[in-house]
There are 2 protein chains.
Amino acid sequence: MTELEKGPTGRRRGRGARERILGAAQQLFREQGINRTGMNELCAAAEVSKRTAYQHFTGKDELVAEYLRRFDPSVLPGVFDRTDLTPRERLLAAFDIPPGTPLCPYIGAAVELHDPQHPASRYASDYKKAVAARLADTAREAGAADPERLGEQLALLIDGAAARTRVLDADAFPTAAAIAAVLIDNALPATTGHDRRREELSS
Amino acid sequence: MTELEKGPTGRRRGRGARERILGAAQQLFREQGINRTGMNELCAAAEVSKRTAYQHFTGKDELVAEYLRRFDPSVLPGVFDRTDLTPRERLLAAFDIPPGTPLCPYIGAAVELHDPQHPASRYASDYKKAVAARLADTAREAGAADPERLGEQLALLIDGAAARTRVLDADAFPTAAAIAAVLIDNALPATTGHDRRREELSS
DNA sequence: TGTTAAGTAAACCGCCCTGTGTGCTTACGG
DNA sequence: CCGTAAGCACACAGGGCGGTTTACTTAACA
């Protein structure tokens, strides 16, 4: 239905209220959480009337679901496409996150929604699996013995760091990165080592 | 003030409304979350009049804080006192949690309260530090090279497993335990190994 | 037995939240 | 240039929430 609202020029007739709503949702839900962000506040931030908002989304639940679904494409953006890095370095780069980077919203969403039946739960599950899969792909590329296993382990480390950072209000990603380094070194066959520069030295 | 309400016999005069309130809080906050549990519902479950509840606690915030503070004594109960286990086994036992065991409430609380200034945040911080410290103690006992570091790492694994279990609705502790085993083996000096039975064998 | 504190029951207040209804304005497209 | 639909402003309904109040009942103890 939404797609049909596009005119022959490919441009919506209105002024793009839907995108503004989702933009405001992304910012406010992240900053304040879902439950603490009322529709009034959200509509004000989006510079959209409430009426319009409820014409685009049947209710807050649907908006929340769409907000979480949208997060999907941004799976650790860029990290896995850095061709200048070795696979091993790419795996570690997933933990090299500047402080203040918005963390995975699904942990908070799972707590706030508190309903495993909520449609958004599936998006969370999909996202987690996607992250683990991309980590596994890179692990395979790096020559890991059991890439799926390593991918799952690294994904758990990311979640642990995110959760701990949130509760303790202190960056826990360096600790997670240190663990990741150990796991990777243990998973890669000895010949691959942890130091690619050996190629430039003797052999 | 609360302490003064005890009679000369050391026994409260009433019928223990305070404990019933905290008991209901423990159950409901865990089952439904903090924000989704109203004071009406809570008082009904505790079989306590709202009036009484607000005489024991100035407000919901104070009740929440006390609920979280109470969790403190139950730091991984029993696990660290199992004298029948080697230190290494005790470290791993922290991950051997039967499915359905109530997970650390502070992750959810941090999300729901969403206020680093909330008094309960300090309890969360204290608890996390206490867990890491006990893990570090056991790690030291096991002969780890850097017990504080290992304790922090294992604590992160526990949080990661808890978060991931919550989001994916699937037990993530086995994965965390596998990581823990690797970390422990790497942290203990080679002479100590991962097998304490060497004492019974040669030396 | 009478005083006092603890507890009960239920109505009530003000606030904020999700969600609607109504009437008006704007802008694209034929 | 006018019709149509997207969007706007704003009031308001209904409900649940945290929290308060009033009037009454129970139990301990001197």
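First the proteins, then the strands, lettered A, B, ... as listed; each starts at 1. This is a predicted model, so every value here is computed, not measured.
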**OP:** Scan for salt bridge (Lys or Arg N to Asp or Glu O under 4.0 Å) pairs involving residues 147-161 of chain A, sequence neighbours excluded, and state none if there are none.
**Re:** A:K128-A:D159, A:R140-A:E148, A:E152-B:R164, A:D159-B:R164

Subject >> Side-chain ion pair, B:R70 and B:E19, N-O less than 4.0 Å >> reply: yes

Original post:
Which letters describe nucleotides 12-22 of chain D, given B = protein heavy atom under 4.0 Å from base, S = only from sugar-phosphate, - = neither?
Top reply: ------SBBBB

Original post:
Tell me: CG of A:L42 to P of C:dG19, nearest whole Å?
Top reply: 12 Å

**OP:** Report the distance from atom CD of A:Q55 to atom C1' of C:dG21, rounded to the nearest whole Å.
**Re:** 11 Å

Original post:
Are OP1 or OP2 of D:dA9 and a side-chain N or O of A:S49 less than 4.0 angstrom apart?
Top reply: no

Subject >> With A:T175 via side-chain hydrogen bond (donor to acceptor under 3.5 Å, both in side chains) - residues at least two apart >> reply: none

Original post:
Is it true that B:D185 and B:R88 make a salt bridge, defined as a side-chain N closer than 4.0 Å to a carboxylate O?
Top reply: yes

Original post:
Parallel under 30°, tilted from 30 to 60°, perpendicular over 60°: which one fits the rings of B:F29 and B:Y67?
Top reply: perpendicular

Original post:
Can you find a side-chain donor-acceptor pair between A:E41 and A:T37 that sits under 3.5 Å?
Top reply: no

Original post:
When you check the phosphate oxygens OP1 and OP2 of D:dG7, does a side-chain N or O of A:H56 lie under 4.0 Å from one of them?
Top reply: yes

